[in-house]
Amino acid sequence: MVSDTFDFLNGRASDVAPRLLGCILERELDGEVVRVKIVETEAYDETDAASHSYKGRTQRTDIMFGPPGHLYVYFTYGMHYCCNIVAGGEGTGAAVLIRAVEPLSGIEVMETHRLQSGVQLTNGPAKLCQALAINKSLNGHDLTKEPLRLIVEPALANEAIEQTVRIGISKAKDVPWRFYIKDNPYVSR
DNA sequence: AGCGGGATTTTCT
DNA sequence: GAAAATCCCGCTT
């Protein structure tokens, strides 16, 4: 672990997920600095039937079992990328899916990549990856480095956070590991 | 406003 | 060979 501010990422995915709400992702793209705020997350770990890491370490999930603070990018439905921040210690198959972000700067750059605007820009896991041009080439990327950095902000108050079941999964539907910032317009659904 | 289907390819059984 | 941590469009109320 390079940075002390990343220490909390060593914890359980279900503790890390709400802690990431309000944190910033800074992306260098097309010569501009694009900044977004994380507003919706979901936790996944190896005890969890809905998690890619549930069946153990494979070629695909290798990054999830690696050191925290790196990016786990997967491709799904034949056309979409989704991105996670790896949590837990080395050897632990845990990660937090970034489901939605709020644009702060570089909005025109994102519109160029996403071909949409307003909340449609980033209110879903595959949408924000398209807006930020995140693909397999960033799988395993160290989030302390360019061109994509995680900037940790102070934890939000519990009253500002809503906790529900996760979206779009067929297993472990009742596990309440989805977290989002209450009343934020960029939250999905 | 809500429902249903299609796109399209990686990954694991 | 089937399912998948999704999204978009078109059709029906």
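Sequence lines set the chain letters: A, B, ... in the order given, protein chains first and strands last, and positions in each chain run from 1.
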Sugar-phosphate only, base, or nothing, as touched by A/Arg166 at under 4.0 Å among non-hydrogen atoms: nothing

Touch class at under 4.0 angstrom, heavy-atom based, for A/Ile169 against every strand present: sugar-phosphate

Closest-nucleotide 5' rank along DNA chain B - winner of A/Phe75 and A/Thr58: A/Phe75

5′-ward residue of the pair A/Met79/A/Lys136 relative to DNA chain B: A/Met79

Sole residue of A/Met110, A/Glu26, A/Glu28, A/Glu108 in side chain to side chain contact (heavy atoms under 4.5 Å, CB included) with A/Val34: A/Met110

Rounded distance (Å) that lies between atom C1' of C/dC7 and atom OH of A/Tyr81: 15 Å

A/Ala126 side-chain proximity, nearest of B/dT10, C/dT6, C/dA4: C/dT6

Separation of atom NE2 in A/His52 from atom P in C/dA3, rounded to whole Å: 15 Å

Heavy-atom donor-acceptor pair, A/Arg189 side chain to A/Ile167 backbone, under 3.5 Å: no

pi-stack flag for A/Tyr74 and C/dA5, centroid dist under 5.5 Å, interplanar under 30°: no

Whole-Å gap separating P (C/dA5) and OH (A/Tyr54): 14 Å

A/Cys83 or A/Gln116, whichever maps to the more 5' nucleotide of DNA chain C: A/Cys83

Complementary nucleotide for B/dT10 - Watson-Crick or wobble, under 3.5 Å: C/dA3

Whole-angstrom distance between B/dG5 and C/dA3, as gauged at atom P: 16 Å

A/Arg166 and A/Glu42 ion-paired at < 4.0 Å: no

Touch class at under 4.0 angstrom, heavy-atom based, for A/Arg114 against every strand present: sugar-phosphate

A/Thr92 side-chain N/O to A/Gly89 backbone N/O, donor-acceptor pair under 3.5 Å: yes

Residues A/His70, A/Asn139; criterion side-chain hydrogen bond (donor to acceptor under 3.5 Å, both in side chains); working and verdict: CA-CA 8 Å; A/His70 290 234; A/Asn139 191 29; over 6 Å; no

Rounded distance in Å - CG (A/Asn135) to P (C/dT6): 19 Å

Side chain of A/Lys127 (C-beta onward), nearest among C/dA5, B/dT13, C/dC8: C/dC8

Touch class at under 4.0 angstrom, heavy-atom based, for A/Tyr77 against every strand present: base

Sugar-phosphate only, base, or nothing, as touched by A/Lys173 at under 4.0 Å among non-hydrogen atoms: nothing

Whole-Å distance separating the CZ atom of A/Arg60 from the C1' atom of B/dC12: 8 Å

